Each structure stands twice: as C-alpha cells, then as structure tokens.
Number of protein chains: 2
Amino acid sequence: MLSQAEENYLKAILKLSQKNGKSVSTNAIAEELSTKASSVSDMMKKLSEKSWIHYVKYQGVSLTEKGRSYAVHIVRKHRLWEVFLVNQLNFKWDEVHDIAEQLEHIKSLELVSKLDAFLNFPSFDPHGDPIPNAEGIFPKSLAIPFSELPIKSRGKVVAVVMDEPSFLKYLDKLSISIGAQVEIIEVNEFDDSFDVKINGKQSHISLDVAKNILISLL
Amino acid sequence: MLSQAEENYLKAILKLSQKNGKSVSTNAIAEELSTKASSVSDMMKKLSEKSWIHYVKYQGVSLTEKGRSYAVHIVRKHRLWEVFLVNQLNFKWDEVHDIAEQLEHIKSLELVSKLDAFLNFPSFDPHGDPIPNAEGIFPKSLAIPFSELPIKSRGKVVAVVMDEPSFLKYLDKLSISIGAQVEIIEVNEFDDSFDVKINGKQSHISLDVAKNILISLL
DNA sequence: AATAATTTTTAGACAAGTCTAAATAAATAT
DNA sequence: ATATTTATTTAGACTTGTCTAAAAATTATT
Ligand SMILES: [Mn+2]
Ligand SMILES: [Mn+2]
Ligand SMILES: [Mn+2]
Ligand SMILES: [Mn+2]
C-alpha cells in the first residue's frame, strides 16, 4: 500500500508528464511538490524499485502502466471530492483544493464508486478539469486558451488551468465562471491585453489571465 | 498541528476514560491501538510535553482540557462521516468504521460544519453513538444494556456498544437495528441467555450480545 | 516484609521521509 | 575541446513512529 507521500509523487509526475509530454525532471518534481531535489532523488529510487516509475539516473522519470493507472485514480478521487464539496456542501470553487488534497488519499474503492454514483457520474470538476472514469479514461474536451480565440468568434468557458484561490477569486470578480459566454473584441498589442465580452458585458483582461482560461468554440 | 498518530492516541485515551472513568493505563492504550506499551510510553511523553495530556510516569494518563476538546472533535468528525456514508452513500452500518477512521483526520473546520449542516445536524451516528456538537457537548441519552432491561418491560434499541463488522452483521441476522422494539420474555439461568421479542417476533440471544445493545425504556 | 508477578519505562535499532552540503554528471558557453 | 554553469545524485544528519529486549517500578502473593 502506498503512503500519502508516494501518492503525491505519482500524482506530480502524472501532472508534469501530461503538461510537457515525455519524461519528467527531478527539479520539476521538486518544484511541483515544494520539496528539495535530493528528496526527489531518494523517492525516485524507491518508486522505481517498486515498479511505479521508469527511472534512469540523470535521465528523468516516467510512470509505468501500473504507476499511471494509480496516479489517475488519485486524480479521479481528488476531482470527485471537489465536485462533492462544491455541489453538495456549497463550498466555493476557490476553497476546495486543499481539502481535496487530503481527501484524495482516503483508501476505499467502494467509497469512490459510491461517491461517483451519488454525484451522478460527473465528467468535469468545478474547475472544468476532466474526471477519469473508473477505467481511468478521461473524457475528451477540445478546448483552446481564451488568448487564442479568433477575434469575433464566440466561445464558452469550459475550464481554468490554474487553481490558485487568488486567481479563481479574480475570475469571480470578472464574472468569469465555467459556462460563461465570451468573445474577444480587440487585441491591444502594446500590453498584450484583450478587450472582451463576458456574458455580453464589455470587460478587459490581461494575457496572463487569458492564457489560463480554456474556451470551447460555439 | 497534530499528526494522525497523535490524534489516534488522543481518541483512544478519550474512549478509555469515558469507559472506565479516571486515568488510563499504558497497556490499555496499547491494547486499544494494537501497538506496544513501549510505543505508548514514548508517545505519552511527547503528548504531555505539548500539554495534550496529564502524565506522571507509572501513574497513567488523562486528557487536559485542551486534549479532551481536541479528541472530542475527532470523535465528532468520525461520527458525522459515518452518518454521511450510511445515509447519503448507502453504505451498511458494518462497512463504515474503517473509512471513517481515515476521514476523521481530514483537517478543515469549515468542512465539518458544512457536513454537519448537510446531514441536518444529526445527534447520533449509525451505531447510535452520540455526536458531540460544535461546542463539544454530547447529546444525552439514558440507555441501559439490553441485558438489564426489566422482564416484560418494552424498550427500543438506541445504540450498540461494539462496532466490529461481525457483530453488526450478526445483529442484522437477528433483525436487531437501531429503533427496533425489544422485550425480554425470560432469562435462562444455566447459560445466561435470553428469550426475547424483537419487533414482536420471538428470538434468542446470548448475554454477550445483550450486553452490547443499549435500550431506552418505552 | 520479602518475594514473585505484572506493568511501565528506557535503551538501542530501524524504516520513512526530509534536509544541507558536497560530489558528480550533463548541458552550455567560450 | 575546455571551461563554466546547471542539474542530479550521494553522504550524512535529523524527526517521527515503531519495535525488541532489558531495566526499573509497582502491585500482588505468600
Ligand atoms: Mn495530496
Ligand atoms: Mn480541480
Ligand atoms: Mn484514525
Ligand atoms: Mn460509530
């Protein structure tokens, strides 16, 4: 049985390899988990001995089939619990991450499947992130960053890339939530900002913000 | 912030002092937590340095005010989660203990209070155990062991003392559940067993079983 | 009251997980 | 191709929580 620490490492490796493709560096993992590279090296040795990861010294790591499916299961739990917290307990979307970070480590397959059913088999979490099903398959969603939305075309917010509370609260202030209708009116070259419409109302956002909002075209 | 291990020790001390009054012995704690007396000694030193318990070598331990209130909070979480698992997720009462044993360590006051509200502020868990409120006050219930119910008087099952799955499943088999109407028809002196009525139907239970069922008189 | 049995504590060891500092390998720049 | 910088690993130390075995204190028995 894996410890919480081991589970967090697997999850970090999954996240980083989903983002950057291929193999993951020691430093990237250390950064992701706010720990030191030396601690990561130690842990990589351990996880590799137990066949959770492929690891060649100085060459980075990748998940084994077994490791990937375990990591996906943790992600599944994390996102299901976030749905529970927001939809059933009325938490706000910027409040749930740290709690789900703990709940994801609760061990009971029965619990996960009953929770899934209770929540009506959701496909996306409160931040628009896809929830893998019991077989580990992620639902597809073709989404592009808001910053790459063609001018004048309409889109719908489907997800956010960051889940830091400060970013999420800022989106609240801008009335940007999952499902909101958006449109780019104009690009301001000199500061890379955008004049936009959000649910029909004119607004203004920076490139940094726009890159972290995922849109599906209407 | 307390570790899971420390929390489990505090909870064990609370449980034992509620059962036997006064101060709790090293061996009793070791037994309760399935660990060794030497480990308990070590931990008692640590908890006492941090003022969670009163501890005098060779004299047993008791909780400080602060320790008691922390332990009660863990119990509150444990029992609220059990209610959630049984009432919302349709677990059976013999399946929830181990899961609640993990969930009780999730740290978020906000979560506890929202869960409490979501469940409609329950006063008793699925085994009939009292759930302390946010102030740490336990609801009262004057209950006596089934084995001490006066002959011919009627009673209602309000709680069970043990929560081992095997015991709970056996009660299921006897159709004994929280709320069931019961009555002792006759005491069989030679084997200390009882002829009883459960929801009107005649049955037969041992002293061991009867001692672990709590009744309130009708 | 002295002895025996039981309970509790200490001493020393170990595994997990982390850290700092030093060594080594790999990548980059000259 | 060599030197420099950066990334990664190793060495050694520390904390938490556990264990076994031995020592000490307490309790029970004669
Ligand atoms: Mn986590
Ligand atoms: Mn999320
Ligand atoms: Mn526990
Ligand atoms: Mn219970």
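Note that this is a predicted model, so its numbers are computed, not measured. Letters A, B, ... are given to chains in the order of the sequence lines, protein chains preceding strands, and every chain is numbered from 1.
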**Student:** Assess, by modelled atom type and distance only, whether the side chains of A/Asp125 and A/His78 contain a donor and an acceptor separated by less than 3.5 Å.
**Tutor:**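 No, because no side-chain N or O of A/Asp125 sits under 3.5 Å from a partner of the opposite role on A/His78.
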
**Student:** Please determine if a side-chain N or O atom of A/Asn27 lies less than 4.0 Å away from the OP1 or OP2 oxygen of D/dT6.
**Tutor:**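 Looking at the OP1 and OP2 atoms of D/dT6, neither is under 4.0 Å from any side-chain N or O of A/Asn27.
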
**Student:** Tell me: CD of A/Gln4 to P of C/dA16, nearest whole Å?
**Tutor:**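 It is 16 Å, rounded to the nearest whole Å.
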
**Student:** Please work out if A/Thr26 contacts a base, only the sugar-phosphate, or nothing of the nucleic acid, heavy-atom cut-off 4.0 Å.
**Tutor:**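 The residue A/Thr26 makes sugar-phosphate contact but no base contact.
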
**Student:** One pair to check against salt bridge (Lys or Arg N to Asp or Glu O under 4.0 Å): A/Lys77 and A/Glu82. What are the steps and the verdict?
**Tutor:** CA-CA 9 Å; A/Lys77 287 194 280 183; A/Glu82 282 190 346; over 6 Å; no

**Student:** Flag the pair B/Phe124 / B/Phe138 as yes when their ring centroid distance falls below 6.0 Å, and as no otherwise.
**Tutor:**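 No, too far apart.
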
**Student:** Just by distance, no angles: are the side chains of A/His204 and A/Ser193 close enough, under 3.5 Å, to form a donor-acceptor pair?
**Tutor:**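 Their side chains do contain a donor-acceptor pair, which is all the 3.5 Å distance test asks for.
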
**Student:** If I take atom CE in residue A/Met1 and atom P in nucleotide C/dA16, what distance separates them, rounded to the nearest angstrom?
**Tutor:**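 So the CE-P distance, A/Met1 to C/dA16, works out to 13 Å.
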
**Student:** Quick one: is D/dT8 close enough that its OP1 or OP2 comes under 4.0 Å of any side-chain N or O from A/Tyr55?
**Tutor:**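 Result: no.
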
**Student:** Between protein and nucleotides 26-29 of chain D, what N or O pairs are separated by less than 3.5 Å?
**Tutor:**
none

**Student:** Between A/Lys45 (NZ) and D/dA11 (C1'), how many Å, whole number?
**Tutor:**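 Between C1' of D/dA11 and NZ of A/Lys45: 10 Å.
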
**Student:** Rounded to the Å, how far apart are A/Glu31 CD and D/dA7 P?
**Tutor:**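 Distance, rounded to whole Å: 11 Å.
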
**Student:** Among side-chain atoms of A/Asp208 and A/Ser206, is any donor-acceptor pair under 3.5 angstrom?
**Tutor:**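 Short answer, no.
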
**Student:** Tell me yes or no: between the side chains of A/Trp93 and A/Asp172, is some donor less than 3.5 Å from an acceptor?
**Tutor:**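 Yes, A/Asp172 and A/Trp93 have a side-chain donor paired with an acceptor closer than 3.5 Å.
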
**Student:** Salt bridge (Lys or Arg N to Asp or Glu O under 4.0 Å) for A/Glu104 and A/Lys11? Distances and angles first, verdict last.
**Tutor:** CA-CA 10 Å; A/Glu104 72 190 4; A/Lys11 192 164 63 113; 3.1 Å; yes

**Student:** Give each protein N/O atom lying under 3.5 Å from an N/O atom of nucleotides 18-22 of chain D, with the pair distance.
**Tutor:**
unit_1: D/dT18; atom_1: OP2; unit_2: B/Tyr9; atom_2: OH; d: 3.2
unit_1: D/dC19; atom_1: OP2; unit_2: B/Thr35; atom_2: OG1; d: 2.7
unit_1: D/dC19; atom_1: OP2; unit_2: B/Lys36; atom_2: N; d: 3.2
unit_1: D/dC19; atom_1: OP2; unit_2: B/Ser39; atom_2: OG; d: 2.8
unit_1: D/dT20; atom_1: OP2; unit_2: B/Lys36; atom_2: NZ; d: 3.1
unit_1: D/dT20; atom_1: O4; unit_2: B/Ser38; atom_2: OG; d: 3.0

**Student:** Take B/Val182 and B/Val196 through the test side chain to side chain contact (heavy atoms under 4.5 Å, CB included) and record every step on the way to the result.
**Tutor:** CA-CA 7 Å; B/Val182 296; B/Val196 299; over 6 Å; no

**Student:** Distance check needed: C/dA16 C1' versus A/Leu2 CG, whole Å only.
**Tutor:**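 The answer, rounded to whole Å, is 13 Å.
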
**Student:** Is there side-chain contact between B/Ile176 and B/Val160, with at least one heavy-atom pair below 4.5 Å?
**Tutor:**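 A side-chain contact is absent here, since even the closest heavy-atom pair is not under 4.5 Å.
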
**Student:** Please report the distance, rounded to the nearest Å, between CG in A/Leu33 and P in C/dT18.
**Tutor:**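 Value for this atom pair: 8 Å.
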
